[in-house]
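Taking it in order: structure first as structure tokens, then the write-up.
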Amino acid sequence: MTYAVVAIGFTLIYRVLTAVNFAHGEVYTIGAFTILIGATTLNLPLWSIVPLVVLAGALTGYGIELAGFRLFRRFTDEASLKSRAVREATLLSSLALGIVIREILDLIYKGDWQSLPETYQLSTSLDLGGIYISSGEAVIAVVSIVMLIALQLLLHRTSIGLAIRAVSSNMIGAQFSGININRVVIAVFVIGSVLGAVAGMVVSLAYGAIQSYMGLTVVIKAFVAMVIGGLTSLPGAAIAAVMIGVAESVAGIFLPSAWTEMVAYMLLIVFLIFLPNGLFGRRR
Amino acid sequence: MSILTIEGLEVRLGQRLILKDVSLEVPEGGLVTILGRNGVGKTTLLRTVSGLYRPSGGRIVFDGRDIGGLDVDKLVRAGIAHAPEGRQLFGEMSVLENLRAGGLSLSGAEFARRLDEVMALFPHIAERRGQLAGSLSGGEQQMLCIGRALMAAPRLLLLDEPSLGLAPIVVKTIFALLSTIRARGVAVVLVEQNAKLALDTAEYAYVLDQGKVVLEGPAGELISDEQVVSAYLGET
């Protein structure tokens, strides 16, 4: 479920821009660190940290769009908006931004695992008719489902959602319809990054451990989940992410833990060979 | 009184000089056509008027205001709508959603009124409001494209190759609608490959060659000048 909650925001950004935002992992990390700082340095109660996490996510998303993506979107015709050059440039610029954020956090916290005070952790054990899960894991599951539903409602029931889908479908057509592309892209980054930061928050509440590199493996898994899910399908990415998570924990029973890292990529290879369009991908 | 005046327009795309010195005028509620062979800059001209490209020289005056360099979304709000070449519809969205996207800048009440108007203009499209835009026939897509442009309540409609790839009967229907659109006070700039059709429909015509206006005149005079037609417009 951890991967699902990250994959949703990541896939939203890809769906609209056809650009991979590798800095998304650091948005997740920033969400986690916001909780840490709020809990340890500022001693705030949990309910008051949540809006701070949302704010941190929104600001980081806006910053990533300005620094990593806007600069490469200078021209407005179709030749340049979705061109390979732009896609590759933003892939690298977002990767670079991610590294910068990661290393700054690393400098401050020396790469050590920080632990969240016990009172903040959601680790009560819940009994679901014989199956025990921790309250934190339940929260992650609920949050990802709520995110998915909220996002679908936003995309299909509101005018900003209509504008987002229009931009995602045809940028030229969207411009001629009077839609301000930059404003829509900012909205997408802000929404996607708020989701990413909230993901970082709930995961750290569930497991209590926070580190500057925590976003890196997760964003790569989110990327794999997005590809398996069909690149542009939000539910597809979430389902694929759950699949990866389950496959990894099942593999953990049989294989040494160092090998479980391989499972996601094995799944990816299997999908690329036998189902290259992914679970819900459109044929292209 | 002209709704659109272009003076000495120059447009560069990258290193290439696409439009060198284009001047033209569109009277309020008029229908002006721009003709010329492939690649002479007709589409570039329309895209510059609608704000997608920035001019590197000259002036574009719309409704008494210099609009060179304004962004597309502002110009749509100001009253310039563009039904682009290739239609550029939102294929995986429904017909109704395409129209709604075209009218996003309107208030609720105005939007509803506008939608009724466009639906009345294109009853064909109205019947298919729930269908995906990508599943429509070419003619229906072209109508939807014009409908989407009209949703923004424009005073100037830029039409780029509306007849492209359509059967003659469908083209006839679409061109017949142009007079209805003009009757509502919307001026039209028409870019067409089919010169005869364009000259039959328009009042005034400009012929573009290598980024310049090489010829202009009332459409009726140009069409009777056989030499001109064959020299700049080919066999059509």
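Computed from a prediction, not measured in an experiment: that's the story for all the values here. Atoms considered below: every heavy atom in the structure, side chains included; atoms not considered: hydrogens, waters and symmetry mates. Lettering of chains follows the sequences in order, A, B, ..., and the numbering in each one begins at 1.
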Checklist entry - About how many Å separate NZ of Lys74(B) and CG of Asn180(A), when rounded to the nearest 0.5 Å? => result 6.5 Å

Item to check | Arg183(A) atom CZ, over 12 foreign heavy atoms within 6.0 Å | outcome: no

Next on the checklist: Would you say that Val76(B) contacts Gln175(A) through its side chain, given a criterion of any heavy-atom pair below 4.5 Å between the two side chains?
Outcome noted: no

Next on the checklist: Is it true that, when you exclude Gln210(B) itself, more than 12 heavy atoms of the residues, nucleotides or ligands shown sit nearer than 6.0 Å to its CD?
Outcome noted: no

Checklist entry - Can you tell if the side chain of Arg47(B) reaches within under 4.5 Å of the side chain of Ile172(A), non-hydrogen atoms only? => result yes

Checklist entry - Does a side-chain N-to-carboxylate-O contact under 4.0 Å join Glu92(B) and Arg165(A)? => result no

Checklist entry - For Lys212(B), does the NZ atom sit with more than 12 other heavy atoms under 6.0 Å from it, leaving out its own atoms? => result no

Checklist entry - NE2/His156(A) to CD/Glu97(B) distance, rounded to the nearest 0.5 angstrom? => result 7.5 Å

Checklist entry - Where is the tightest heavy-atom contact between Ser159(A) and Leu104(B), given as atom of each residue plus distance? => result CB-CD2, 3.6 Å

Checklist entry - How far apart are the closest heavy atoms of Ser169(A) and Phe90(B), and which atoms are they? => result OG-CA, 3.1 Å

Next on the checklist: Do Leu158(B) and Phe176(A) make a side-chain contact, defined as non-hydrogen atoms from C-beta onward lying under 4.5 Å apart?
Outcome noted: no

Next on the checklist: Between Leu89(B) and chain A, with a heavy-atom cut-off of 4.5 Å, which part of the residue counts as in contact: side chain, backbone, both or neither?
Outcome noted: backbone

Checklist outcome for this item: For Gly173(A) and Arg148(B), the nearest pair of non-hydrogen atoms, with its separation, is CA-NH2, 3.7 Å

Checklist entry - Arg100(B) versus chain A, heavy atoms under 4.5 Å apart: side chain, backbone, both or neither? => result both

